[in-house]
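Notes follow once the structure below has been shown.
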Amino acid sequence: AQTIVYGPPSADRGRVGQASISIGSAPIGFRGTITIMAVDEDDTEVLVEGDLKATLPFVGGKIESAAAPSVITGITREYGVGLKWLQARA
């Protein structure tokens, strides 16, 4: 499951969202922020920062390292879907 709660727009029209991602019943999750900011009139930058944590003693670090590429791929795919959705409505 994924939850992102965005705050109000800043003076430069950017937004910061608090993100939480869980991966089914797996003992691993992501918590962080997603910042959306205008670069210029036509371009936007999205910055994702956070921590991927596994809650298993002794092997948590290995699980985090193994899961990180999948989490990054998922975030990147969702970003692409969002761009297509926006482009279809421009």
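Reckoned from all heavy atoms, side chains included, excluding hydrogens, waters and symmetry mates. Sequence positions, counted from 1, serve as the residue numbers for this chain.
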> With D51, which residues qualify under side chain to side chain contact (heavy atoms under 4.5 Å, CB included), at least two apart?
Replying inline: K53
For residues 63-83, dump all side-chain donor-acceptor pairs below 3.5 Å to protein atoms at least two apart in sequence or in another chain.
from, atom 1, to, atom 2, distance (Å)
E64, OE2, A54, N, 2.8
S65, OG, G61, O, 3.1
T73, OG1, P69, O, 2.9
T76, OG1, I72, O, 2.9
E78, OE1, Q2, NE2, 3.1
E78, OE2, Q2, NE2, 2.8

Name the atoms and distances for all side-chain donor-acceptor pairs under 3.5 Å in residues 27-43, with sequence neighbours left out.
from, atom 1, to, atom 2, distance (Å)
R31, NH1, S20, OG, 2.5
D40, OD1, D42, N, 2.9
D40, OD1, D43, N, 2.9

>> Under the rule for side chain to side chain contact (heavy atoms under 4.5 Å, CB included), what residues qualify as partners of K62, not counting sequence neighbours?
In response: none
>> Hydrophobic clustering (ILVMFWY, side-chain heavy atoms < 4.5 Å, transitive) - are Y6 and V46 grouped together?
In response: yes
> V5 and V48: same hydrophobic cluster, using ILVMFWY side-chain contacts below 4.5 Å?
Replying inline: no
>> Applying side chain to side chain contact (heavy atoms under 4.5 Å, CB included), can you list everything that pairs with P9, at least two apart in sequence or on another chain?
In response: R15
